[in-house]
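Quick caveat, the model's predicted, so the values are computed rather than measured. In what follows, every chain begins at residue 1, and chains take the letters A, B, ... in the order their sequences are listed.
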2 protein chains.
Amino acid sequence: MAEQTGGRFPPISVQALQRMPAYLSYLQTQKDEGAVFLSAAKAAQHFGLSEIQVRKDFSAISLTPGKPKAGFAIVELIDGIETFLGFRNSKDAILVGVGSLGKALLNYGGFKPYGLNIVAAFDSNPELTGKSINGKAILSSDKISDTCRRLNIHIGVITVPAKQAQLVCDQLVAGGVKALWNFAPVHLSVPENVLVQNENMAVSLAILSRHLEGALDSAKGEKV
Amino acid sequence: MAEQTGGRFPPISVQALQRMPAYLSYLQTQKDEGAVFLSAAKAAQHFGLSEIQVRKDFSAISLTPGKPKAGFAIVELIDGIETFLGFRNSKDAILVGVGSLGKALLNYGGFKPYGLNIVAAFDSNPELTGKSINGKAILSSDKISDTCRRLNIHIGVITVPAKQAQLVCDQLVAGGVKALWNFAPVHLSVPENVLVQNENMAVSLAILSRHLEGALDSAKGEKV
DNA sequence: TAGATTGTTAATCGATTAACAATC
DNA sequence: TAGATTGTTAATCGATTAACAATC
């Protein structure tokens, strides 16, 4: 395993990273209510996590240490989490596959706070190319690589059907894309330096489904 | 911790569950190509996982053991995974919050294979109520609890803004909903027996973002 | 000071991996 | 039989939790 690249933050586990967005939104509501400090105990109770886990997470993120008897400075934590998660800097992306899901994402404004900016879309259907959705032009799929290179795009959002996903992936990678957000339910093969983040709705649905079948116990972290 | 409820499957970790949908789609393509058996080694190579991990996952799912020199029976695995994930039985759900994301999900046909069936939608905006999207009626939010009870709905999809999410959540729970698919970026407080599955796009975007900033090493499972 | 809360070190727990025997 | 592949037991690794000292 390679070493952590040096930076502001100590090594943070993937699990801890996954807790960060929830912390962030809670911190923002606390701040809006005028709070300045937040104790690990209070946050832990809110989330149903152990106090010590929250304390570890907070102290990994906060630039200054927590204050005994007070807690952690909320603005520090917000700044830390936003910086850590990379929400502070805007990132351009393109989307491939203007089906129902693709259209939805093009219309969805909710990515702004996370720094994602979809600048164009691609589809192989000639009836769609030339049109635009939410101000984003739909271009022909054969221009994917060129466009990525020309606009220096590093993020690709894949919303094509499973069968086409690998081809699209290859085109994006050929265009210099380094990070893929894959909504197609398939495994994508990519070079070492490219990251695939699978948005796996099937997993969520499976977890819901198993809960309803009584297979999940109510306790957290249970085996399934 | 409570015991695993008895059933067809041995205890399977959440991590293993999360690998299942990917296995499933690969198995289906293998089956379509006429394959009958699949070795753990071949699948491991496809996914970039360790052979032994795949073997453990497969043997947990397959009804009959793998065959030395052949591998695992593909149809057994497919059946096992579909059963395990609960995709075999259809489940009715309602959706609350007909904004851009809510509309998108109503229009999206991709949930069928997972057994999810959204039967109705709710919104507090009177300009939307009475209309319908993709054949699904949009009803007034004050009818959430009633409708859930009347139709015996156990899954609620929450696509309202963060501020309203807890209220909507409470209404759904009051209506007897047992599993929530939450797209709002907040933590929801629910009774013990209700499961909240957060669809956390922020996490995905954060992971992409950190990769682009060079903070992620290319190796799998790296600290971030 | 006393008490609340943090930070650190060690223990526990669970998932992954390794080693190797079993079997077709 | 030989070789490929599985299944099982033990070792490793990492995340969480517990215990307790430090500090405001």
Send over the distance from [X] [atom1] to [N] [atom2], rounded to a whole Å.
X: A:F72; N: D:dC24; atom1: CZ; atom2: C1'; result: 14 Å
X: A:E51; N: D:dC20; atom1: CD; atom2: P; result: 16 Å
X: A:R55; N: D:dC20; atom1: CZ; atom2: C1'; result: 11 Å
X: A:L77; N: C:dT5; atom1: CG; atom2: P; result: 16 Å
X: A:F37; N: C:dA4; atom1: CZ; atom2: P; result: 18 Å
X: B:I12; N: C:dG14; atom1: CD1; atom2: P; result: 16 Å
X: A:D57; N: D:dA15; atom1: CG; atom2: P; result: 12 Å
X: B:Q53; N: C:dA18; atom1: CD; atom2: C1'; result: 13 Å

Discussion item. Can you tell me if A:R19 touches the phosphate of D:dT16, counting only side-chain N or O atoms and a distance under 4.0 Å to OP1 or OP2?
Written reply: yes

Discussion item. Can you tell me if A:S50 touches the phosphate of D:dT17, counting only side-chain N or O atoms and a distance under 4.0 Å to OP1 or OP2?
Written reply: yes

Worksheet item: What's the closest nucleotide to the A:Q15 side chain, out of D:dT16, C:dT23, C:dG7?
Response: D:dT16

Worksheet item: Counting side-chain heavy atoms from CB outward, which of D:dT17, C:dC24, C:dT16 is closest to B:K69?
Response: C:dC24

Worksheet item: Quick one: is the NZ or CZ of A:R210 closer than 6.0 Å to the six-membered ring centre of B:F84, and within 45° of its axis?
Response: yes

Worksheet item: Of A:I52 and B:S39, whose closest DNA chain D nucleotide lies nearer the 5' terminus?
Response: B:S39

Worksheet item: More 5' along DNA chain C: B:K67 or A:S59, using each one's nearest nucleotide?
Response: A:S59

Worksheet item: For C:dA11, which nucleotide in any strand shown is its Watson-Crick or wobble partner with both distances under 3.5 Å?
Response: D:dT16

Worksheet item: With both distances under 3.5 Å as the test, what is the Watson-Crick or G-U wobble partner of C:dA22?
Response: D:dT5

Item to complete: Determine the contact category for A:F58: base if any of its heavy atoms lies under 4.0 Å from a base atom, sugar-phosphate if only primed atoms, P, OP1 or OP2 are that close, otherwise nothing.
Response: nothing

Discussion item. What's A:A16 touching, base or sugar-phosphate or nothing? Going by heavy atoms closer than 4.0 Å.
Written reply: nothing

Worksheet entry | Sub-6.0 Å ring centroid separation between B:F47 and B:Y26 | yes

Worksheet item: Strictly by modelled atom types, are B:Q171 and B:S145 linked by a side-chain donor-acceptor pair under 3.5 Å?
Response: no

Discussion item. Taking donor-acceptor contacts at under 3.5 Å, does the side chain of B:K56 reach the base of D:dT6?
Written reply: no

Worksheet item: How long is the span from the CZ atom in B:F183 to the CD1 atom in B:I158, to the nearest 0.5 Å?
Response: 10.5 Å

Practice prompt. Would you please test A:V177 and A:V194 for side chain to side chain contact (heavy atoms under 4.5 Å, CB included) and show each step?
Written response: CA-CA 8 Å; A:V177 163; A:V194 175; 5.7 Å; no

